[in-house]
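Below: the structure, in structure tokens.
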Amino acid sequence: MPRSPKDYTSTEGKPNWCPGCGDFGIEMAMKQAMAQLDLDPDKVLLVSGIGCGANMPNWFSTYGLITLHGRAVPVATGAHLANHELSVFAEAGDGDAYGIGMGHFIHAMRRNPNMVYIVGNNTVYGLTKGQISPTSAKGCKGPSTPFGNPDPPINPIALALANHCSFVGRGYAGNLPHLVNLIKDAHNHKGFALVDVLQPCVTYAKDAGYKYYQDLTYDLQAAGHDKTNPEAAMKRAVEPPEKYPIGIFYQDERPLYEDELPQFKKGALVHHDISKIDVTPLFEEYSF
Ligand SMILES: Cc1ncc(C[n+]2csc(CCOP(=O)(O)OP(=O)(O)O)c2C)c(N)n1
Ligand code: SF4
């Protein structure tokens with residue numbers, strides 16, 4: 001029997017997002033992608049940070065872990081290194097990923113562990129009631145910026161392209177078929193795959209709703225973009241903000257983090273025989 005999104009759905013409760021939240025689209029796209037990839041739920045790990053979107057593992061029947069704000073990527077990297085036979089998805093909001101978790105994001109890109117990083121980019125801190133985030137537009141008003149945001153936004157796509165990310169993609173939570181395919185491509189990619197998702201927050205980012213993105217997104221691949229060309233990718237990434245290309249900006253192949261580390265030559269750590277390892281000398285060396 002072919003798998004369906006239900007096979008990845010927790011029986012313990014339903015999402016508590018606001019009606020119409022873009023996180024519903026991301027959740028369904030992830031589940032459809034997993035089903036179409038025919039992933040065994042017992043071989044999938046979903047790790048998140050803290051935020052509205054980061055509640056995601058609660059609604060999945062796969063292995064899941066909600067960590068700390070900004071810490072999805074390092075925890076997912078650790079889990080992946082321990083058992084890199086799992087399909088590892090890290091998931092976070094834009095505040096999580098590009099604010100407090102920015103350092104982890106940059107270092108993961110240059111290390112290239114084999115995982116998918118899905119960022120629900122709604123340009124606000126949703127869970128804490130709509131404060132501006134690192135991707136909020138300059139001048140936008142919110143509870144933390146009643147006179148307008150003084151800072152220009154981070155461009156996560158340009159940042160990823162400039163920092164060794166081996167798969168750089170952007171999707172839109174309101175275009176499910178496209179997002180499903182993008183997540184499947186990201187999963188099939190060997191290396192660290194960023195999927196930044198334009199995600200309407202219907203409660204606190206009303207200016208960037210479904211109509212806004214519907215009008216301004218266009219499909220990179222349908223427009224003939226060459227995803228192997230880094231200069232073309234950067235040009236697309238810095239297009240004026242009134243356009244939002246979605247699809248794969250860039251993809252290349254290079255060694256995985258686990259391929260670079262001698263500890264993994266014998267396979268995933270979970271399969272190593274540790275029964276004959278004696279840690280007593282280590283304790284003796286470090287005891288006072
Ligand atoms: C170390 C730490 N700082 C701040 C917070 C408070 N906090 C929780 S979620 C959040 C921001 C959520 O925004 P985002 O990551 O964009 O996700 P969204 O809720 O929009 O999905 C903040 C600041 C926290 N939980 N931990
Ligand atoms: S506050 Fe925004 S991001 Fe959070 S659940 Fe509501 S619509 Fe979604």
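Atoms within a ligand are numbered from 1 in the order they appear, just like the ligands themselves. Note that this is a predicted model, so its numbers are computed, not measured. Every heavy atom of this structure was used, including side-chain atoms; hydrogens, water molecules and symmetry mates were not.
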Nearest non-hydrogen protein atom to atom 3 (S) of ligand 2, with distance, is N122 ND2, 3.4 Å

Strictly distance-based, threshold 3.5 Å: is any side-chain N or O of K227 a donor or acceptor partner for the main-chain N or O of D252? no

Quick check: does any side chain N or O of N122 sit under 3.5 Å from a backbone N or O of P200, one acting as donor and the other as acceptor? no

Spell out, as yes or no, whether a donor-acceptor pair under 3.5 Å connects the side chain of Q221 to the backbone of I248. yes

Keeping Y172 on the side-chain end and Y210 on the backbone end, is there a donor-acceptor pair under 3.5 Å? yes

Salt bridge between E27 and K31, side-chain N to carboxylate O under 4.0 Å? yes

among protein heavy atoms, the one nearest atom 7 (S) of ligand 2 is V202 N, 3.5 Å

On the 0 to 90° scale, with breaks at 30° and 60°, tag the F105-F192 ring pair as parallel, tilted or perpendicular. tilted

Using heavy atoms and a cut-off under 4.0 Å, could you grab the residues that are in contact with ligand 1, chain by chain, numbers ascending? I50, G51, C52, G53, H69, G93, D94, G95, D96, I100, N122, V124, Y125, G126, L127, T128

Heavy atom of Q199, distance to ligand 2 below 4.0 Å: yes

Checking a contact table here: which protein heavy atom is nearest atom 6 (Fe) of ligand 2, and how many Å away? C18 SG, 2.3 Å

What is the nearest protein non-hydrogen atom to atom 8 (Fe) of ligand 2, stated with its residue, atom name and distance? C21 SG, 2.4 Å

Taking the side chain from S61 and the backbone from D7, do they hold a donor-acceptor pair closer than 3.5 Å? yes

Transitive ILVMFWY cluster of I50 at side-chain heavy atoms under 4.5 Å: who else is in it? I66, L127

Backbone of H164 reached by a side-chain donor or acceptor of R254 within 3.5 Å: yes

What atoms in ligand 2 come closer than 4.0 Å to a heavy atom of T203? 6 (Fe), 7 (S)

Given Q131 and Y204, is the side chain to side chain donor-acceptor pair (under 3.5 Å) satisfied, shown in steps? CA-CA 8 Å; Q131 299 88 347; Y204 297 115; over 6 Å; no

Atom 2 (Fe) of ligand 2 sits nearest the protein heavy atom C201 SG, 2.3 Å

I'd like to check which ligand 2 atoms, numbered from 1 as shown, lie under 4.0 Å from a non-hydrogen atom of Y204. 1 (S)

Just let me know how C52 lines up against ligand 2, side chain, backbone, both or neither, with a heavy-atom cut-off below 4.0 Å. side chain

